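As the structure is a prediction and not an experimental result, all values here were calculated from the model. Start at 1 and go down the list; that is how both ligands and their atoms are numbered.
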Amino acid sequence: MSGPGAERIVVVGHGPAAHRLVERLAHHGHRGEVTVLGAEASAAYHRPLLTSVLDGSLAAGALRLPAPPDGTRLRPGVTATAVDRRRRLVQGSDGHGYPYDRLVLATGAAPLVPPLPWARRADGRLAPGVRVLRTLPQCEQLTGPDPVAVVGGGPLAIEAALALRRRGRDVTLVHRGPYPLDRHLEARAGQLLSARLRALDVDLCTGRTAEAYRSGKLRLDDGRWVAAGDVLLCTGVVPRTGLARSAGLAVRTGVVVDDELRTTDPRIHALGDCAQPAGATGPHLGHAAAWEQAEVLAALLSGSPARWTGTHAVLRLRAREVDLMRLGTPDGAEETVVLSDAARGRYARLSLRDGRVSGAVLLGPGRAVATVTRLYRRGEPVPADRLALLLGAPIDYAGERLPDEAPVCHCNNVTGADLTAAWCAGARTVPELAAATRATTGCGGCADDVRSWCAARARGEESG
Ligand SMILES: Cc1cc2nc3c(=O)[nH]c(=O)nc-3n(C[C@H](O)[C@H](O)[C@H](O)COP(=O)(O)OP(=O)(O)OC[C@H]3O[C@@H](n4cnc5c(N)ncnc54)[C@H](O)[C@@H]3O)c2cc1C
């Protein structure tokens, strides 16, 4: 066997977590062979931008992530079907065995289909017209013109409903809770969000469940029939753990890992949506955690010490019509500032500990969302004028450097180093930087950062 930094690595899965891991292995100088088995036929793509394909604003090809480093052995369309831990061999659906020194499970998560009798056929497949949204082919099934019912009340349900509206489809959102995002938002914010969705022509049916689906109509539990050529289930995800389980690794909701992302077999690691840190109630779902875990694991597999200590997770709605963000927790706050402005559809709750953001809910304006997110992620003190902050007053970041290796644009995985490279290649304005790197083109939360960075660079060039 080869030593640390030169081991033969097999990665199972080729989603954002695996893609980032492979890129960072090269960055850290890993010298061993890296093989990636990906069940999907296409090259790795940026899953959070699927709703931009859904609304027609991006072509499917625009989601593709950059090609992996030279020498990476990619096996698209190959599913890992078994792991022989004794022989350290992964069995592929192509009939090949893939030997490893280290195995990384990046199998992600699959849509959770609740046990609704109308949602599946007898053979277990989804009933005609019933859809889920996790992959590009599933996205392409949703481009018809008919009215659509979206079932669910989480971020994906709202983003999908708004994307389908933008595409011109009539949309009904059916949610059993009292308002969308009821697991994330206090009631006042939820009411304002509901009003905003209705103003955007989303037919909102809250406190309702769907009881039957036939002939293009969905029946709700109050007897109402809703026209729905498609029913899109956005009812959660379930980590893909089958491979780990059958290999005898410890699995709870996700594959259990320690702070070095090791499973109960020290030669096998897991990261991203399939991995559950020991002691956590479930996986840290989401792009930010996947990225940070990839960074830690790449360092470790390249022979450098690293630990994963958790992620500053931020829920941000990816929809240009609604600027909504929730982060941290209100628990244990020493100071709470609440602003509720129903006439303009704005709501803000800022929870502070030690003068820093410990939790927040913000429904518009965009600049406040971006600034509070930034203060939270960096643990910086909040300005004395809390109200001005919540109303979106700009903060001067002049002269400040953006971190080279950490993401600036979380939607598109753009780092400070990527922006610098684009600048050096001639991009001098925010639109030019956006065209070169895709920064600012996702939720827009990094727009202020990129604008200030761009202005500071320009000043630097002038004075230099
Ligand atoms: C529409 C949409 C919007 C989203 N928006 C956001 C957002 O705004 N912010 C956010 O943080 N997150 C968002 N997410 C979630 C985000 O996409 C996931 O957290 C992220 O994709 C997790 O990456 P991953 O690589 O761990 O898993 P995945 O992206 O699920 O990729 C896993 C890959 O492994 C493959 N695979 C599974 N089993 C095997 C096997 N046995 N052999 C070979 N290959 C296998 C799968 O086919 C898949 O391609 C969104 C998701 C969707 C669908």
Side-chain angles (χ1 to χ4, degrees), residues 10-22 35-55 63 65 74-83 90-94 98 103-111 132-139 142 150 152 154-164 232 234 236-247 254-255 261 270-275 283-294 297 311-319 324-325 407 409-413 442-445:
V10 173
V11 182
V12 177
H14 198 204
H19 181 271
R20 178 68 177 166
L21 172 70
V22 172
T35 304
V36 184
L37 311 183
E40 291 186 69
S42 52
Y45 56 91
H46 193 38
R47 218 172 284 287
L49 290 183
L50 279 176
T51 45
S52 301
V53 176
L54 198 57
D55 72 9
L63 270 54
L65 290 165
L74 280 189
R75 297 292 179 268
V78 175
T79 302
T81 54
V83 178
V90 178
Q91 189 57 51
S93 58
D94 57 355
Y98 294 88
L103 173 62
V104 179
L105 302 176
T107 49
V132 290
L133 179 59
R134 182 79 186 180
T135 64
L136 269 171
Q138 289 163 352
C139 196
L142 277 159
V150 179
L156 180 60
I158 300 173
E159 288 176 17
L162 290 173
L164 289 161
L232 173 60
C234 297
V237 293
V238 56
R240 284 200 194 85
T241 57
L243 193 64
R245 202 182 285 278
S246 56
V255 184
L261 302 164
L271 82 167
D273 278 6
C274 72
H284 283 243
L285 296 172
H287 203 250
W291 249 51
E292 290 175 21
Q293 291 174 349
L297 190 53
T311 298
H312 278 69
V314 174
L315 184 154
R316 175 103 199 234
L317 217 57
R318 187 186 304 277
L324 174 77
M325 173 275 281
C409 171
H410 287 261
C411 301
N412 290 302
N413 300 349
C443 69

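Heavy atoms only, all atoms of each residue included: Cys274 and Thr241 are closest at O-CG2, 4.4 Å. When every heavy atom of Ser93 is checked against every heavy atom of Gly77, the shortest pair comes out as OG-O, 4.1 Å. Ala294 and Ala17 get closest at one heavy-atom pair: CB-O, 3.8 Å. Here the closest heavy-atom approach between residue Ala41 and residue Pro76 is recorded as O-CB, 3.6 Å. Between Leu136 and Val53, the closest heavy-atom pair is CD2-CG2, 4.3 Å.
Residue contact check: Val78 has heavy atoms under 4.0 Å from atoms 43 (C) of ligand 1. Near Val12, the atoms of ligand 1 lying under 4.0 angstrom from a non-hydrogen atom of the residue are 40 (C), 41 (N), 42 (N), 43 (C). The atoms of ligand 1 that sit less than 4.0 Å from any heavy atom of Gly108 are 26 (O), 27 (O), 28 (P), 30 (O), 32 (C). Residue contact check: Thr107 has heavy atoms under 4.0 Å from atoms 32 (C), 34 (O), 37 (C), 38 (N), 39 (C) of ligand 1. Proximity to Arg240 (heavy-atom distance under 4.0 Å) selects the following atoms of ligand 1: 37 (C), 38 (N), 46 (C). Listed by number with element, the atoms of ligand 1 under 4.0 Å from a non-hydrogen atom of Ala109 are 30 (O). The distance from ligand 1 to the heavy atoms of His14 drops below 4.0 Å at these ligand atoms: 33 (C), 34 (O). Interface atoms of ligand 1 facing Leu133, defined by a heavy-atom separation under 4.0 Å, are 53 (C).
Checking Arg134, Arg75, Arg20, Arg47 against atom 15 (C) of ligand 1, the nearest heavy atom belongs to Arg134. Summarising the contacts of atom 23 (O) of ligand 1 with Gly272, Ala41, Pro16, Gly15, the nearest heavy atom is found in Pro16.
The closest approach between any non-hydrogen atom of Leu49 and ligand 1 is not below 4.0 Å.
With a heavy-atom cut-off of 4.0 Å, His287 touches ligand 1 through backbone and side chain alike. The proximity of His19 to ligand 1, defined as any non-hydrogen pair under 4.0 Å, does not occur for either the backbone or the side chain. The part of Ala106 lying near ligand 1 is the backbone, judged by heavy-atom distances below 4.0 Å. By the criterion of a heavy-atom distance under 4.0 Å, the side chain of Leu156, and not its backbone, is placed next to ligand 1. Counting heavy atoms under 4.0 Å from ligand 1, residue Ala110 does not touch it at all.
In terms of N/O distances under 3.5 Å, ligand 1 is approached by Asp273. Of the polar atoms of Glu40, at least one N or O is found under 3.5 Å from an N or O of ligand 1, judged by distance alone. Annotation: Ala80 places an N or O atom under 3.5 Å from an N or O atom of ligand 1; distance criterion only. Between Ala39 and ligand 1, a contact under 3.5 Å exists for at least one N or O pair. Of the N or O atoms in Ala290, none lie within a sub-3.5 Å distance of an N or O in ligand 1. Taking only nitrogen or oxygen atoms, main chain and side chain alike, Thr79 does not reach within less than 3.5 Å of ligand 1. Some N or O of Gly286 is nearer than 3.5 Å to an N or O of ligand 1, by distance alone.
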Practice problem: Walk me through it: do Leu37 and Thr79 pass the test side chain to side chain contact (heavy atoms under 4.5 Å, CB included)? | Solution: CA-CA 6 Å; Leu37 311 183; Thr79 302; over 6 Å; no
Quiz item: So Asp273 and Arg47, salt bridge (Lys or Arg N to Asp or Glu O under 4.0 Å) or not? Walk me through it.
Solution: CA-CA 12 Å; Asp273 278 6; Arg47 218 172 284 287; over 6 Å; no
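Proximity of a side-chain donor or acceptor of Gln293 to a complementary backbone N or O of Leu271 within less than 3.5 Å is not detected. The closest donor-acceptor contact from the side chain of Thr107 to the backbone of Arg240 lies under 3.5 Å. No side-chain donor-acceptor contact under 3.5 Å links Tyr98 to the backbone of Gly92. Side-chain atoms of Arg75 do not come within 3.5 Å of backbone N or O of Thr35 as any donor-acceptor pair. Proximity of a side-chain donor or acceptor of Gln138 to a complementary backbone N or O of Thr135 within less than 3.5 Å is detected.
Met325 places none of its side-chain heavy atoms less than 4.5 Å from the side chain of Leu317.
A distance of 10.5 Å separates CD in Glu159 from CG in Leu50, rounded to the nearest 0.5 Å.
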